[in-house]
Amino acid sequence: MDFGTRTVLITGAGSGIGLATARRLDAEGFSLVLVLRPGADCPTGWRSPVSFEYCDLARPNDVSQLIARVRAKHRSLDVLFCNAGVQPWDRKITPEGLELGFATEVVSTYLLIDGLTSWLASSQYPLVLVTGSLVHRWGNYEFEALASGKDFDPNQTYYANKLCQMQLVSYFASTLKVKGIPVHALEPGMTRTAFARHFCGFYRMMSVIWRPFMRRPEDVAEDVLRLLLTGDLMETSGSNWYRGRPKPLAPQALDHLAIWRLAEDLHKLCSALQQRV
Ligand SMILES: NC(=O)c1ccc[n+]([C@@H]2O[C@H](COP(=O)([O-])OP(=O)(O)OC[C@H]3O[C@@H](n4cnc5c(N)ncnc54)[C@H](OP(=O)(O)O)[C@@H]3O)[C@@H](O)[C@H]2O)c1
């Protein structure tokens, strides 16, 4: 099996884990579709075919347009890597009335996987990978309050958004099994990126103190490459991978009732947003 000739779409590819992964996969000859924020500088110096797509992932309509463009422009897509994320320190609400982190991580992950499923299904070795986090274990939420940012707290909201993403991994792992598309989570561990740039006070100080002990984004990229090149991810679905090994998801990320309720709530939310366009 040659897993190394696949086309991989990476969100959040302009910096940190996304960019390091793109560089590593490029060196191995993968074809890449890199999703950047509109107006972001285009990283240069690629060896393999790379195409850039610009999208504000916090805007569901932009995500729908991205999906349409990807389907129109690219003959095939094998791997979808939903990696973009943000942890705002203040309550920020998008024009659609969604909390910024929820829109960026939860809604875009749902729309991208849902919208690109049929495209991925035509690949010989399809795969969906979502960047998670250890902190999903501390997540807890009520859907309306989380989506609207009503009870916003910089840490609790991020933990809950990560929990939702892990519940989506479980949801799509189960619904896409019949189409032969494995869906997995990647837990990077604390990584030396610019992710903490919005942090304030004590948490900002801690992120500076911890920085020398964090993993390098290149280490996480190496994990991703290894996972893509082995058959491990193709034979199972719904696993969470940390440093190349499966690590159990939190019980609330595997709770069937909560998972299906989230999927239903997101479906209703996205349908309502689409009708407003
Ligand atoms: N670093 C860690 O310790 C750590 C630990 C656990 C999990 N993670 C997860 O790892 C993932 C990658 O983060 P990172 O550490 O590599 O940090 P990062 O360098 O800040 O990467 C996040 C990427 O997402 C992009 N992004 C955010 N909002 C966007 C939007 N609305 N539209 C388009 N792109 C958007 C950012 O673009 P801009 O730069 O333009 O904003 C950036 O390129 C995230 O999902 C994060 O939750 C990180």
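Counting convention: from 1, in listed order, for ligands and their atoms alike.
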Check whether any side-chain heavy atom of T7 sits under 4.5 Å from a side-chain heavy atom of L32, and report yes or no.
no
Are I10 and V33 side-chain neighbours, meaning at least one heavy-atom pair lies under 4.5 Å?
no
Examine the side chains of [X] and [Y] and answer whether a donor and an acceptor come within less than 3.5 Å of each other.
X	Y	value
S207	R197	no
N240	E187	yes
N155	Q87	yes
S48	D26	yes

Do the ring planes of H184 and W241 sit parallel (below 30°), tilted (30 to 60°) or perpendicular (above 60°)?
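Because their plane-to-plane angle is over 60°, the rings of H184 and W241 count as perpendicular.
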For the pair W260 and Y171, name the ring-plane relationship: parallel under 30°, tilted 30 to 60°, perpendicular over 60°.
perpendicular
In this structure, does ligand 1 have an atom that sits under 4.0 Å from one of the heavy atoms of [X]?
X	answer
K162	yes
A20	no
P217	no

Interfacing atoms of ligand 1 (cut-off 4.0 Å, heavy-atom, [X]):
X	answer
G132	6 (C), 7 (C)
G16	16 (O), 19 (O)
G189	3 (O), 5 (C)
E105	47 (O)
M190	3 (O)
Y158	7 (C), 8 (N), 46 (C), 47 (O)
S133	6 (C), 7 (C)
R197	20 (O), 38 (P), 39 (O), 41 (O)

Counterpart residues, salt bridge (Lys or Arg N to Asp or Glu O under 4.0 Å), relative to K177 (two or more places apart)
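For K177 there are no salt bridge (Lys or Arg N to Asp or Glu O under 4.0 Å) partners, ignoring immediate neighbours.
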Between A84 and ligand 1, which part of the residue brings a heavy atom under 4.0 Å of the ligand: side chain, backbone, both or neither?
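The answer is both.
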Per-residue contact class, A40 against ligand 1 - non-hydrogen pairs under 4.0 Å:
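None of A40 does.
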Would Y158 and F102 count as a ring-ring contact (aromatic ring centres under 6.0 Å, His included) if you check the C-alpha gap in whole Å, the side-chain angles of each, and the deciding distance to 0.1 Å?
CA-CA 8 Å; Y158 177 65; F102 178 84; over 10 Å; no
Let me know which of R245, R24, R215 forms a side-chain hydrogen bond (donor to acceptor under 3.5 Å, both in side chains) with D223.
R215
Against N161, only a single residue in E99, Q156, H136 fulfils side-chain hydrogen bond (donor to acceptor under 3.5 Å, both in side chains); can you say which?
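That would be E99; it is the only one of E99, Q156, H136 passing the side-chain hydrogen bond (donor to acceptor under 3.5 Å, both in side chains) with N161.
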Is the charged tip of R23 near the ring of W46: under 6.0 Å from the six-membered ring centre and within 45° of its axis?
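Judged by the rule (NZ or CZ under 6.0 Å from the ring centre, within 45° of its axis), R23 counts as positioned above W46.
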Could you check [atom] against the protein and tell me its nearest heavy-atom contact, residue, atom and distance included?
atom	value
atom 35 (C) of ligand 1	R37 NH2, 3.8 Å
atom 14 (P) of ligand 1	T193 OG1, 3.5 Å
atom 23 (C) of ligand 1	G12 CA, 3.6 Å
atom 21 (O) of ligand 1	S15 OG, 3.5 Å
atom 33 (C) of ligand 1	C55 O, 3.3 Å
atom 13 (O) of ligand 1	F195 CD1, 3.8 Å
atom 31 (N) of ligand 1	D56 OD1, 2.9 Å
atom 22 (C) of ligand 1	G85 O, 3.5 Å

Can you check which of L36, T104, T191, I17 brings a heavy atom nearest to atom 16 (O) of ligand 1?
I17
I'd like the name of whichever of V220, T131, T21, N83 reaches closest to atom 45 (O) of ligand 1 through any heavy atom.
N83
Are I181 and Y110 connected in a single hydrophobic cluster, I mean Ile/Leu/Val/Met/Phe/Trp/Tyr linked by side-chain heavy atoms less than 4.5 Å apart?
yes
Hey, is ligand 1 close enough to L57 that some N/O pair sits below 3.5 Å?
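Yes; at least one N/O pair falls below 3.5 Å.
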